[in-house]
Visitor: 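I am attaching a structure below and will ask some questions about it afterwards.
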Amino acid sequence: SDDPVWRTIEEFSGYPTHPTSASLPSPSFSVDTETLQNQIDELATFSDVPAPAVTRVLYSDKDVLARSYIKKLMEKAGLSIREDAVGNIFGRWNGKDTSLAAVATGSHIDAIPFSGKYDGVVGVLGALEAINVLKRSGFQPRRSLEVIMFTSEEPTRFGISCLGSRLMAGIEELADALKGTVDGQNISFFDAAKSAGYNLNHEDLKNVFVKKDHYSAFIELHIEQGPILEEEGLPIGIVTAIAAPASIKVEFEGNGGHAGAVLMPARNDAGLAAAELALAVEKHVLESGSIDTVGTVGIIELHPGAINSIPSKSHIEIDTRDIDEKRRNNVVEKVHQSAVSIAEKRRVRLSKFQIINQDPPALSAESIIRAMTIAAEKLNLSHKLMISRAYHDSLFMARISPMGMIFIPCNKGYSHKPEEYASMEDIANGVKVLALTLAKLSVD
Ligand SMILES: NC(=O)N[C@@H](O)C(=O)O
Ligand SMILES: [Mn+2]
Ligand SMILES: [Mn+2]
């Protein structure tokens, strides 16, 4: 064919994609943008808050509705559907040689409180459309292609990020920790899962573990969640590494007391200890010597939470990241020292300093970076190599499979807020690069 994309697919698959019989209309390598936009908009309606914001928390009623919606779309795409014990959902398109390890792609649909409708969603609905694009083109994969909707990439309900992909990566500690894990309403992980239709007990968690060579490759399409691609007018980002996230839960306890009657010298205010620690996080991050080090205190809760009562207990959750694991660990250590010295100085008890996760960064596989680069070039889409400062399920899929990520621009780099937005033109470009990359990797 004279069409560069076809030539590429023919090259990839080693056989003509254009069915020779004159009867079949020649297909076009195009994304059904209207349907895809409708799907993104419809999925956003499964939310616990009114539009344009989206809140969709793990195993909530809206999450269950959204999961059924995804399964319906997988069925429509002609995929065979499987769900594991914690609700990771798999849609498979069998290749010509099902004995070969499959190529997987996917992302998440859970959304933190008051966020947008593109984070993760583009990587799930876009993956399904990439499959549809290849099917419409008459392409037949050699390796099977599998779309994965990961359970709970966001840490909202149980404070654990990438819960589904961590378990797939076989992280035993997490399986153990889930035994005693409860959410803010004291509902256990297992009870929450049961309420969403996942009747599992602790023993079942190991069945979620995936063997190292189960997949030959994993690719995730995602909005950049930063401003670079938009600022540089580039449609495609090829991710080379994902920064290393860590999260910490800290609690201080003091005597509390009456806001009027207790004089300042007699106080040991757990609230002020929390405030001081939050500023210490910022100080340690700013002193790391690198712009790549970030730190956020996204949660501070005070008990009893009354204006005229001195806080007797404070609960703080800290998120710190860096592409340099050692530098990130230094920050974690310094934050720990600050928590201890603040507790001493303010005569409060440091009742909890719990490191929830302290993950290493992940590198993309050269082979997949090459396949994504070729795909972008064949599609005449300018692109750049870049790192991801946000974490993704890819961070853990990299432990069991060669990994790669495709970024598309998003409005002003906004994310985790209702103003999050990616144009359908940019999404369609991402879907095409993903489709071509999947085609290539499925015949490798
Ligand atoms: N991609 C993304 O937003 N992941 C988040 O959970 C994060 O905090 O990085
Ligand atoms: Mn997110
Ligand atoms: Mn995401």
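Remember, it's 1-based here, ligands and their atoms both numbered in the order they're listed. None of these values were measured; they are calculated from a predicted model.
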Visitor: Numbering the atoms of ligand 1 from 1, which are under 4.0 Å from a heavy atom of His392?
Guide: 1 (N)
Visitor: Donor-acceptor pair, distance only, cut-off 3.5 Å: does the side chain of Arg328 make one with the backbone of Thr293?
Guide: no
Visitor: Do any N/O/S atoms of His392 come under 2.8 Å of the Mn ion (ligand 3)?
Guide: no
Visitor: Start with the C-alpha gap between Glu420 and Lys117, add the side-chain angles, then the distance that decides, and say whether salt bridge (charged side-chain N to carboxylate O under 4.0 Å, His left out) holds.
Guide: CA-CA 7 Å; Glu420 182 182 84; Lys117 57 182 181 182; over 6 Å; no
Visitor: Report the atom name of the nearest N/O/S atom of Asp119 relative to the Mn ion (ligand 2).
Guide: OD2
Visitor: Exactly one of Lys313, Glu251, Glu253 should register a side-chain contact (heavy atoms from CB on, under 4.5 Å) with Arg349. Which one does?
Guide: Glu253
Visitor: Quick one: which ligand 1 atoms are inside 4.0 Å of a heavy atom on Asp119?
Guide: 1 (N), 3 (O)
Visitor: Kindly give the atom name of the N, O or S atom of Glu154 closest to the Mn ion (ligand 2).
Guide: OE2
Visitor: Taking only heavy atoms of His222 into account, list the atoms of ligand 1 that are under 4.0 Å away from them.
Guide: 1 (N)
Visitor: Using a 4.0 Å cut-off to any heavy atom of Glu153, which atoms of ligand 1 qualify?
Guide: 1 (N), 2 (C), 4 (N), 5 (C), 6 (O)
Visitor: What I want to know is whether Asp319 and ligand 1 share at least one N or O pair that is separated by under 3.5 angstrom.
Guide: no
Visitor: Regarding atom 9 (O) of ligand 1: of the candidates Glu224, His108, Arg321, which has the closest heavy atom?
Guide: Arg321
Visitor: State plainly whether the residues Glu129 and Arg136 are in salt-bridge range, i.e. N to O under 4.0 Å.
Guide: yes
